[in-house]
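Take a look at the structure below.
Note on naming: letters A, B, ... go to the chains in the order of the sequence lines (proteins, then strands), and numbering restarts at 1 for each one.
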2 protein chains.
Amino acid sequence: MSSRGRPRNFSREEALASAMRLFWDKGYDNTSLTDLTQAMGLKPPSLYAAFGSKAQLFIEAVDLYGRTDGAGIWDELETAPTAKAAVHDLLRRTAENFTRGGEPRGCMVVLSAPQMAGGDPEVCDALKVHRLEKQVALERRFERGVADGDLPEGTPCAAIAAYVASLQHGMSIEARDGATRETLMAIADCAAAGWDAMVAASIKPN
Amino acid sequence: MSSRGRPRNFSREEALASAMRLFWDKGYDNTSLTDLTQAMGLKPPSLYAAFGSKAQLFIEAVDLYGRTDGAGIWDELETAPTAKAAVHDLLRRTAENFTRGGEPRGCMVVLSAPQMAGGDPEVCDALKVHRLEKQVALERRFERGVADGDLPEGTPCAAIAAYVASLQHGMSIEARDGATRETLMAIADCAAAGWDAMVAASIKPN
DNA sequence: TCCTTTCTGTATCGATCAATACATAAATCG
DNA sequence: CGATTTATGTATTGATCGATACAGAAAGGA
């Protein structure tokens, strides 16, 4: 391996964590290299040597987010006893996570880069992949619910996953607009309260 | 008035409409003055004389959006016979509106400027005001539903408005991620299917 | 007609952006 | 030791950003 050469003067992990926090708070476009180098405590050449480019640094930061601050939201998706319990827990964890003091509000994967024409496609696609992975995880969980018998046969799992994902994504917007934890919790409870009827009605759409 | 001086060489309305389309498609940050002047068919000094600044032009463009492309979504909010019908209609119009061919997908008010630290506060606040106005309109509509008797006494109108707003905002994310009209319609139908049970359960939150 | 007013086109401003050239410092290898 | 490799700090690059200075053109008012 390469233990040769002058050793690094900073912790790559800590620097990446600082970048994550900054991207999460300010978004990809609004975070400049000046911001990054100051927060990470290093100079531009060190940043480029360690991370390649601003875009690659961002993608690494999003991965870190998914493994740390953003992970707890999804902790019980698989272990919850039923699909309904999994969704209710997911949304309540979302409400709690999105309103922690001292942290940026809402989800980095939803908010930190606008999915707009003209944006860096590398960056947008990375976030889109993260979002769709979670939506697929929801769909799979609902399919398991059908297999487990806590969802009726014929449940449109993809549609319900899109519904839950849409609601959870919207909660990031609400959080950034200043919604309180109580408001977000109420949203979670609304979804849970309508769950059984929604599932029952969705089997025959019309 | 001021009919003096050299007359304008372009239609202010048409130029504003072009700017709106561009901001809607690319977002505020990703739309440069070069993009704008090209699409609007004028030179920078004319743009600044007519609209003041990029930020003010954007705010005017958002207002235009709310009066044109974004308006139809909310057309039946007040005229629908019940709160439930109003929400179902709203979400189905949303699904239709967000997947029109030849137009950018999703809502300009939700997508076109990230609500992030470091963004132009003038721009962010203008969009936030638009979002909250619609959420308040939902809350008022639900209060009317209580008065009309199609929602039970004690319905938490603010919480349910936050739920519907959150879902509708999330549909913009889904739309930009490529969701089909059928998927968005399914989301709308999910919400409608669970509505009665959600309302009934929400009266006593626990 | 001449003056004032307003708009237009050219050309460019200073600021900021992401990214690097370059020389030096600090480590391993032979 | 000397050679190689890698990281660091200073200084700067070309590009692009939003916004304007300036002079000329086109209108109304006197």
Quiz item: Quick one: salt bridge (Lys or Arg N to Asp or Glu O under 4.0 Å) partners of B:Glu133, sequence neighbours excluded?
Solution: none
Practice problem: Quickly work out the A:Arg8 CZ to D:dA7 C1' distance and round it to whole Å. | Solution: 8 Å
Practice problem: Specify the separation, in whole Å, of atom CZ of A:Phe58 and atom P of C:dA18. | Solution: 13 Å
Quiz item: Within the distance-only criterion (no hydrogens, no angle test), does the side chain of B:Thr68 pair as donor or acceptor with the backbone N or O of B:Leu64 below 3.5 angstrom?
Solution: yes
Quiz item: Can you tell me how far C1' of C:dA18 sits from CG of B:Asn30, to the nearest Å?
Solution: 15 Å
Practice problem: Indicate whether OP1 or OP2 belonging to C:dT8 is found under 4.0 Å from a side-chain N or O atom of B:Lys43. | Solution: no
Quiz item: Looking only at side-chain N and O atoms, does A:Ser46 come under 4.0 Å of OP1 or OP2 in D:dA7?
Solution: no
Exercise. Nearest 0.5 Å please: distance from the CE atom of A:Met171 over to the CG atom of A:Leu91.
Key: 5.5 Å
Quiz item: What one-letter contact string describes nucleotides 20-30 of chain C from 5' to 3', where B marks a base within less than 4.0 Å of any protein heavy atom, S marks contact via sugar-phosphate atoms alone, and - marks no contact?
Solution: BB---BBBBS-
Quiz item: Phosphate oxygens OP1/OP2 of C:dT16: is one of them under 4.0 Å from a side-chain N or O of A:Ser32?
Solution: no
Quiz item: Is it the case that A:Lys54 places NZ or CZ above or below the six-membered ring of A:Tyr28, under 6.0 angstrom from the centre and within 45 degrees of the axis?
Solution: yes
Quiz item: What's the CG-C1' distance between B:Asp35 and D:dA19, to the nearest Å?
Solution: 16 Å
Exercise. Please check if the side chain of B:Arg140 supplies one atom and the backbone of B:Gln135 the other of a donor-acceptor pair under 3.5 Å.
Key: no
Practice problem: Return the set of residues passing salt bridge (Lys or Arg N to Asp or Glu O under 4.0 Å) with B:Glu122 (not counting sequence neighbours), or none when no residue passes. | Solution: none
Quiz prompt | Nucleotide D:dG18, atom C1' - distance to CD of B:Glu122 in whole Å | solution = 14 Å
Practice problem: Answer with base, sugar-phosphate or nothing: what part of the nucleic acid does B:Thr37 contact at a heavy-atom distance below 4.0 Å? | Solution: nothing
